[in-house]
Amino acid sequence: MNNPAIPYIPESAPFSVEQRAWLNGFFAGMHSQPAVQPGAQPPQGSASAPQGNPLLILFGSQTGTAEGLAKKLSKDASLRGFAPAVHPLNDHAPARFSSAPAVVLISSTWGDGDPPDNATGFWNWLKDDSAPRLDGMQYAVLGLGDRNYSQFCGASKKMDERMAALGARQIIARGECDVDYEASAAAWMESLWSKLGEKPSTNGSRVVTEAKPREPQVPADAQPPPSPAFNRQNPFPARLQKNILLSGPGSAKEVRHFEFDLSGSGMAYEAGDALGVYPENNPELVQAVASHLQAHPHQPVAVDGWVLPLAKALGQCLDLGKPNQALLAEMARRFPQAPFAPLLAPGQESALAQWLHGRDVLDVLKSAPGTLPVDEFLPLLRKLSPRLYSISSSPKAHPGEVHLTVAVVRYTAHERSRMGVASSFLADRAGENVRLFIQTSHGFRPPSRPDAPMIMVGPGTGIAPFRAFLEERQAAGAPGRNWLFFGDQKRSTDYLYADLLEDWKKSGFLTRLDLAFSRDQAAKIYVQDRMRENAAGLWAWLEEGAFFYVCGDASRMARDVDAALHEVIMTAGGKSREDAGLYVEKLKSEKRYQRDVY
């Protein structure tokens, strides 16, 4: 509920979400400031200090989403009279986490329920037996995840449980957001404010200040919210200028280079940022689902308050990929004889995952002896979420453009041809109005010092951000040395951007280039093997202040590279395993070890 002492715009009012949020923030800010008498002086030593109860907000973010939510929460907190402070979770010590009276943790989850890179130090500290008691702390946890993964919001769940075990008191139940996170995150934050707005009584119970709600009055000189810039909620319709096949004939992969025109968008990005792409489902799949539902593609349907043709709803708004639990549960209830129905029972998780592997929504529909009415089927589907890709261009080298390097997913499973939703959309159907937005990265950037050495490990499409990094340094005339580890299957078919890399190597701009093509010899060779072979050189660069970067697969490649980095430090640096771990943690704390993994 809202603080009754502050006027607010109810959800039933005829305003958009953005307008309602702006007006509520305006009223909260206006009523959170105490009246100041003419000539009154602020208390000594508090002229520039923030007023209100302190609120520490810590985030763990790999792509920037959790960080964005943390900053939004901080802005809202300031408007509501709090004194917020925002830090990455790894900065818990300088943020004085242990002594904070109220803390909000916002974290995504990576790998097998692991925290993101800028939260691993915090989690290792928190779970250790030496972690301090937190009996005087109140806390709240918001998790970001993807329900398609078994460890959904696993990192935030672990943090929540550990905080409680150390004696901290939960302000509000842990929030869990799926990939379509905006609405659920906003609802959780609103509930958080209602709890934080309650004043604790002396006996430990809570009392709420009673006041009659007042009708909001908008001041005559108040300005309406500005027209929203192009962002995740308002993507820019860009034109695809180039679609170039990078992989050669005979390659086991299909990798493409895409270039988009950003003219007139006003969007700006930096090397290290990601590009969000709103994909569209394959029209053949859309037609097949509509046919199975015995519905006409132009039949009007309602989705999120909009009325639009069924084909457009299925094509642009709803996820027809991996079936979610809501759809499976309802189909199993209606059709218990469906093959997946008994697999929803407790203890059958492994068998269900095996049955679902390679199957999509159409497979679930076809496996049941009957179907659902369209108006009951559509609400069971997840929203079609944007895909994030590492940007492979520097705005200094390509003003008004943004480039991507994408592996197109195509395969056959269960006697049907399948394809990646976004990658096949870009490869086969993208044209004049590809909906894009910039996802800012605050933890993956080229070295802040132009003269600092830079080591990059990016096999396959992991080369993408390093093409951008190198273009950026070249355009800026940065004198720092550059070392790239690149690998793939075969040099003849999978050497991405070969001409560009070889030219950079010949000119000396790319100081070192180590290649690992795993299928070009009997024994497979990977980038981590090249790292071990060059341990002495790697150690020397690190000791000279080099920044170390990794981009690519999180589950295997990034783990193997991390293990190889520890080995390099032990062998070439003469460190023990424990000291090597401390050395790596120091690299991370100095922002000299950065990863863009997925």
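Residue indices begin at 1 and follow the sequence shown.
- Here Tyr549 and Tyr593 keep their ring centres 6.0 angstrom or further from each other.
- Asn534 and Arg512 are linked by a side-chain donor-acceptor pair at a separation below 3.5 angstrom, with hydrogens and angles left out of the test.
- A salt bridge is absent between Glu280 and Arg429: the closest approach of a Lys/Arg side-chain nitrogen to an acidic carboxylate oxygen does not fall below 4.0 angstrom.
- Judged by distance alone, the side chain of Arg519 and the main-chain N or O of Phe517 form no donor-acceptor pair under 3.5 Å.
- One N or O on the side chain of Asp520 and one on the backbone of Arg491 form a donor-acceptor pair closer than 3.5 Å.
- A donor-acceptor distance shorter than 3.5 angstrom exists from the side chain of Arg162 to the backbone of Leu126, with no hydrogens or angles considered.
- Annotation for Gly545 and Arg449: closest pair O-NH2, 4.5 Å, computed over non-hydrogen atoms.
- Side-chain contact annotation: Trp188 with Glu176, donor-acceptor N/O pair under 3.5 Å absent.
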Apply side-chain hydrogen bond (donor to acceptor under 3.5 Å, both in side chains) to residues Ser393 and Tyr269 and explain how you reach the verdict. CA-CA 10 Å; Ser393 58; Tyr269 69 92; 2.9 Å; yes

Report the C-alpha separation of His566 and Asp562 in whole Å, then their side-chain angles, then the decisive distance to 0.1 Å, and conclude whether the side-chain contact (heavy atoms from CB on, under 4.5 Å) test is met. CA-CA 6 Å; His566 282 74; Asp562 185 77; 3.3 Å; yes

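- Applying the ring pair (Phe, Tyr, Trp, His ring centres under 6.0 Å) rule to Tyr583 yields the partners Trp539; only residues at least two apart in sequence or on another chain are considered.
- Between the side chain of Thr65 and the backbone N or O of Ser61, no donor-acceptor pair lies under 3.5 Å.
- Annotation for Glu578: atom CD does not count as buried by contact number, only 12 or fewer foreign heavy atoms lying within 6.0 Å.
- In plain terms, the two heavy atoms of Val103 and Leu105 that are nearest each other are CG1-CD2, 3.5 Å.
- Two residues are said to be in side-chain contact when any heavy atoms from C-beta on lie closer than 4.5 Å; Val434 and Arg239 fail this criterion.
- Heavy atoms of other residues, nucleotides or ligands lying less than 6.0 angstrom from NZ of Lys588 number more than 12.
- Between the NZ atom in Lys490 and the OG atom in Ser247 there is a gap of 13.0 Å [rounded to 0.5 Å].
- For an aromatic pair to be called close, the ring centres must be under 6.0 Å apart, and Phe469 with Phe547 fails this.
- Side-chain atoms of Glu471 and His398 include a donor-acceptor pair closer than 3.5 Å.
- Cation-pi geometry between Arg467 and Tyr497 is satisfied (NZ or CZ under 6.0 Å from the ring centre, within 45° of the ring normal).
- When every heavy atom of Ser423 is checked against every heavy atom of Ala407, the shortest pair comes out as CB-O, 3.6 Å.
- Each of Thr461, Asp488, Asp494, Thr493 was scored for a side chain to side chain donor-acceptor pair (under 3.5 Å) with Lys253, with one residue passing: Asp488.
- At least one donor-acceptor pair closer than 3.5 Å links the side chain of Ser392 to the backbone N or O of His403.
- Residues Leu275 and Phe260 have side chains in contact (heavy-atom distance under 4.5 Å, counting atoms from C-beta outward).
- Checked against a 6.0 Å centroid threshold, the rings of Phe122 and Phe97 count as neighbours.
- Aromatic ring orientation, Phe486 versus Tyr495: parallel (interplanar angle below 30°, classes split at 30° and 60°).
- Ring pair Trp483/Phe485 is parallel by interplanar angle, where below 30° counts as parallel and above 60° as perpendicular.
- Of the possible polar contacts, one joining the Arg418 side chain to the Gly358 backbone as a donor-acceptor pair under 3.5 Å is found.
- Judged by distance alone, the side chain of Asp178 and the main-chain N or O of Leu144 form no donor-acceptor pair under 3.5 Å.
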Take Asp596 and Phe466 through the side-chain contact (heavy atoms from CB on, under 4.5 Å) test and state the conclusion after the steps. CA-CA 11 Å; Asp596 178 11; Phe466 303 136; over 6 Å; no

Does Leu58 form a side-chain contact (heavy atoms from CB on, under 4.5 Å) with Val104? I'd like the steps, not just the answer. CA-CA 6 Å; Leu58 301 177; Val104 179; over 6 Å; no

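- Contact detail for Ala100 and Leu56: the closest heavy-atom pair is CB-CD2, 3.9 Å.
- Take Arg530 and apply the salt bridge (Lys or Arg N to Asp or Glu O under 4.0 Å) test, not counting sequence neighbours, and it matches Glu533.
- Ion pair Asp117/Lys591 not flagged as a salt bridge, since none of the NZ, NE, NH1 or NH2 atoms sits closer than 4.0 Å to an Asp/Glu carboxylate oxygen.
- Here the straight-line distance linking atom CZ of Phe509 with atom CG of Leu501 works out to 11.0 Å at 0.5 Å rounding.
- Looking only at atom types and distance, the side chain of Tyr139 has a donor-acceptor partner in the side chain of Asp160 under 3.5 Å away.
- Here the side chain of Thr109 pairs a donor or acceptor atom with the backbone of Ala155 at under 3.5 angstrom.
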Test side-chain contact (heavy atoms from CB on, under 4.5 Å) applied to Leu89 and Ser107, step by step: CA-CA 9 Å; Leu89 278 159; Ser107 180; 4.2 Å; yes

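- Separation of atoms CG (Leu142) and CE (Met159) is listed at 11.5 Å; rounding is to 0.5 Å.
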